[in-house]
Each structure stands twice: as structure tokens, then as C-alpha cells.
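Following: one structure in C-alpha cells, then a few remarks.
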Amino acid sequence: MNKGKNVVLAVASFGGHWKQLFHIVSAIQSNTDNVEFVYCTTDASLMIEDKLYVINDFSADNKIKALGAALFSFKVLIKERPNVIITTGAAPGLIMIISAYLLRVKKRIWLDSIANSESISKSGKLAKYFTTHHFTQWKHLEHVGKNNRCTIYIGAIL
Amino acid sequence: MVFLTVGTQFSFDRLVAPVYDWCKRNNSEYIFQVGASLYLKDVEDYRIVKNMSSESYYNAFSKARVVISHAGMGTILSAIEYEKPLLIMPREFRYKEHRNDHQVDTIRHLSALLEGCVVRDPNQLIEKLELGNLSVPTKRKENFKNEKLLIQNLTRVITGDS
């Protein structure tokens with residue numbers, strides 16, 4: 001473990017998922033001290049001030065690429081040793097959450113994209129088994145599942 | 001300048017084709033990000049690209065007079081941020097434009113925010129363009145409230161003990 005330092009790894013595929021995540025996490029970042037934020041997305045041309053990893057994009061049905069992404073996730077997680085991982089999806093976020101579960105990252109947060117207003121995303125439903133916190137941005141999608149596996153409304157970017 | 005952006009998954013020629021034809025007809029300047037468009041696949045034009053770097057995306061955004069798009073959250077959030085007039089038409093599952101109808105859900109659930117920005121078919125879109133009947137998506141009280149709640153709650157989750 002890193003000694004006393006709080007590291008947050010924020011992960012999202014590029015596009016709408018990233019736009020939401022970066023906006024939200026930047027706001028949190030400006031509210032907090034003593035927390036180091038590290039980012040991971042799928043676009044190599046992106047430039048931000050904080051440390052950024054680039055993961056290959058893929059859709060959930062491509063198993064070979066998913067395996068490559070899993071190996072990459074392990075590498076990032078072992079190197080950064082975050083206490084918190086937060087993602088808005090999609091497939092790369094899911095793989096990162098599963099890897100974080102296997103490596104026992106303390107808090108594993110799934111914030112489902114605001115674009116999913118009628119049901120939780122496919123990757124979000126799968127992620128639920130591996131998260132410590134499972135959030136939606138729509139009040140009407142709050143859900144109490146088996147074994148108290150809850151999806152909780154936490155507010156929304158809009 | 002008209003900036004058209006439709007994301008990178010699946011083609012969306014039901015939107016791309018009429019906007020391209022309209023720009024040509026009206027000698028309008030344009031930048032298009034069209035993903036896997038079949039309609040423009042053989043057109044050689046430096047203003048038409050499949051994908052864009054984030055830098056050229058925001059460049060195009062800031063220069064645009066109007067942004068035309070599918071109902072993707074990235075574009076909606078950027079239009080709010082850059083205060084740009086926005087016209088959006090959702091991708092529909094029945095035309096195989098996406099895996100499901102979440103874009104149709106998006107325009108329904110964000111209807112207040114997107115008032116005046118949404119069209120459901122190309123004819124409506126052209127009509128709005130012709131008339132210059134455009135709106136900038138604007139956050140309502142409720143949107144600010146939701147965002148504040150989100151940031152407060154998530155900050156607590158991330159920095160708290162539980």
C-alpha cells in the first residue's frame with residue numbers, strides 16, 4: 001500500500017463517458033487536499049495536467065481485446081496502488097473495476113452514465129458484482145437487489 | 001460554420017446526408033465528424049473526418065455557428081459549456097443506428113434542458129436550419145441542484161472512511 005497517500009484512479013472511455021467523468025472528478029479534485037488523481041481513458045491525443053494512462057478501446061463482446069485491457073489494468077493498478085477507483089464506463093471501466101476487485105482496491109465506484117436514463121448500462125449491470133459503490137444519475141433507477149446490492153441515486157451532472 | 005458530429009460507433013447517414021446536402025446547397029462552411037458514414041465514404045474533403053482528436057473537436061466547437069449532432073452526452077455537455085446553438089436528432093434502434101434506444105430516452109428525460117434543440121427527422125432539421133430557428137441548451141435550476149448534490153456526495157464517498 002502507499003503510505004498514507006490517497007490515490008484516486010478515474011477511468012472512462014473517451015467521448016461522453018470521459019466528458020462526464022473528467023468534469024465531475026475535476027470538481028471533486030478542486031474540493032480536496034492530500035488526494036492524488038490519476039486518469040485513464042482511450043484517446044491518445046488527449047492532454048491534461050494530471051497523470052494519464054491510455055487504454056485500448058473495445059466493446060464488451062471482443063474477448064481478446066478485453067484480455068489485453070485486463071492485463072493493462074493490472075499493470076496500472078499495481079503501479080499506482082489506488083485506494084479508490086471511479087468510472088463512468090463503458091467496457092474499459094468494467095475491466096478496470098473487475099481488476100480492482102481482484103487486487104482488492106478499497107473503494108470501487110461505478111457511476112453509471114447519465115445517458116442511461118431508462119435502465120442501467122450493460123457494463124454497469126455486470127460491474128455491480130465487483131463494486132463497493134454502485135451509483136445512478138437517475139432517481140427512478142434506484143434499485144435494491146439481492147444481498148443488499150444496491151444501485152443508489154447520488155445526484156447528476158445535469 | 002456548421003459543425004456536425006455523430007460519434008464513432010455505427011453510421012448515422014439519416015443525419016449526415018441531409019446536413020451535407022444542405023451545406024453544399026447553401027455554400028455554408030462546415031466541419032464534419034462522421035464516423036462510419038457510407039454516404040460520404042468516397043468524398044475527398046479535408047473538412048470531413050471519421051474521428052477527431054480532442055483538440056480539433058474543441059477547436060471546431062468553438063468556431064461553430066451551430067452544432068448538429070446525435071443525442072450523445074459528450075456533445076450535449078460541450079454545447080452547454082461553449083454556449084452553442086445545438087440541433088440534435090437521436091439515433092434510433094429501429095434503423096440500426098445504435099444498440100438500443102437510449103438516445104431517444106435521453107432527449108425525453110432532458111427535455112427541459114434541450115428545449116428547442118431536438119428534431120426527430122431530417123425534414124424538421126432542415127426546416128429549423130432554413131429558418132435559423134436555433135436554441136442553446138441551458139441548465140435549469142434543477143440541473144444545478146443535481147450537479148451540486150452529485151459533487152458533494154461523491155466527494156464524501158471518495159474522501160470519507162466508509
Side-chain angles (χ1 to χ4, degrees), chain A residues 6 8 10 13-20 22-35 37 41 43-48 57 59-61 83-86 88 90 106-107 109 111 113-119 121-122 132-133 135 137-140 152-158, chain B residues 5 7-10 33 35 51-58 69-78 80-81 90 98-114 137-140 142-162:
Chain A
N6 210 354
V8 175
S13 19
F14 199 65
H17 293 100
W18 171 258
K19 183 89 192 156
Q20 288 174 68
F22 191 65
H23 179 91
I24 295 161
V25 175
S26 302
I28 295 170
Q29 195 167 3
S30 64
N31 277 347
T32 48
D33 308 315
N34 305 323
V35 185
F37 288 83
T41 186
D43 181 72
S45 75
L46 184 70
M47 307 233 258
I48 59 170
D57 203 5
S59 71
D61 38 25
N83 334 55
V84 181
I85 161 171
I86 177 166
T88 47
K106 197 173 150 211
K107 288 180 201 168
I109 306 167
L111 175 66
S113 164
I114 194 171
N116 307 118
S117 55
E118 277 299 307
S119 62
S121 65
K122 215 168 113 190
T132 52
H133 299 78
F135 297 128
Q137 301 189 55
W138 294 100
K139 185 90 188 148
H140 59 267
I152 295 167
Y153 171 71
I154 189 166
I157 191 166
L158 289 173
Chain B
T5 175
T8 52
Q9 293 190 324
F10 310 99
Q33 181 275 310
N51 305 317
M52 264 182 172
S53 70
S54 48
E55 196 187 343
S56 18
Y57 180 83
Y58 293 114
S69 166
H70 68 159
M73 283 318 302
T75 319
I76 294 172
L77 291 167
S78 301
I80 296 169
E81 187 181 332
H98 220 304
R99 287 186 201 90
N100 51 42
D101 265 331
H102 77 267
Q103 292 206 345
V104 179
D105 303 333
T106 294
I107 57 156
R108 188 173 66 250
H109 286 289
L110 295 175
S111 59
L113 175 93
L114 295 173
T138 318
K139 281 188 180 181
R140 312 292 161 123
E142 171 197 314
N143 304 119
F144 287 105
K145 212 179 83 194
N146 294 342
E147 188 187 358
K148 200 174 158 204
L149 183 70
L150 175 70
I151 303 299
Q152 273 175 355
N153 282 340
L154 267 183
T155 305
R156 206 160 49 224
V157 170
I158 285 176
T159 58
D161 291 331
S162 60

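From a predicted model like this one, the values you see are computed outputs, not experimental measurements. Chain naming here is simple, since letters A, B, ... match the order of the sequence lines and numbering starts at 1 in each. Atoms considered below: every heavy atom in the structure, side chains included; atoms not considered: hydrogens, waters and symmetry mates.
Residue B:T8 does not touch chain A at all, counting heavy-atom pairs closer than 4.5 Å. When heavy atoms are compared at a cutoff of 4.5 Å, A:T32 approaches chain B solely by way of its side chain, counted from C-beta outward. For A:W18, no part lies under 4.5 angstrom from a heavy atom of chain B. For chain B, no part of A:T132 is nearby; none of its heavy atoms comes within less than 4.5 Å. Contacts of B:L113 with chain A are made by side-chain atoms alone, with heavy-atom separations under 4.5 Å and no backbone atom involved. Looking at B:Q103, there are no atoms closer than 4.5 Å to chain A (heavy atoms on both sides), in backbone or side chain. Residue contact with chain B, scored on non-hydrogen atoms closer than 4.5 Å, involves the backbone and the side chain of A:L158 alike. Heavy atoms closer than 4.5 Å to chain B are found nowhere in A:H17, neither backbone nor side chain. For A:Q29, no part sits under 4.5 Å from any heavy atom of chain B, backbone or side chain.
Ranking A:G16, A:A115, A:S121 against chain B, the residue ahead of the rest is A:A115, based on heavy-atom pairs under 4.5 Å. When each of B:A71, B:G74, B:G7 is scored by its heavy-atom pairs under 4.5 Å with chain A, the top score falls to B:G74.
Nearest heavy atom pair, residue A:K107 against residue B:V157, reads NZ-O, 2.7 Å. Here the shortest heavy-atom pairing between A:S13 and A:T41 reads C-OG1, 3.7 Å.
Here A:F37 pairs with nothing under the ring pair (Phe, Tyr, Trp, His ring centres under 6.0 Å) rule; sequence neighbours left out. For B:F144, the ring pair (Phe, Tyr, Trp, His ring centres under 6.0 Å) criterion is met by no residue, not counting sequence neighbours.
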Practice task
Kindly indicate, with the supporting measurements, whether the criterion side chain to side chain contact (heavy atoms under 4.5 Å, CB included) is fulfilled by B:N146 and A:Y153.
Solution key: CA-CA 10 Å; B:N146 294 342; A:Y153 171 71; 3.5 Å; yes
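With a 4.5 Å cut-off on side-chain heavy atoms, B:L77 and A:H23 do not count as touching.
The aromatic rings of B:H109 and A:H140 sit parallel to each other, their planes meeting at less than 30°, with 60° as the upper class boundary.
For the residue pair B:N143 / B:R140, no side-chain donor-acceptor distance below 3.5 Å is found, with atom types taken as modelled.
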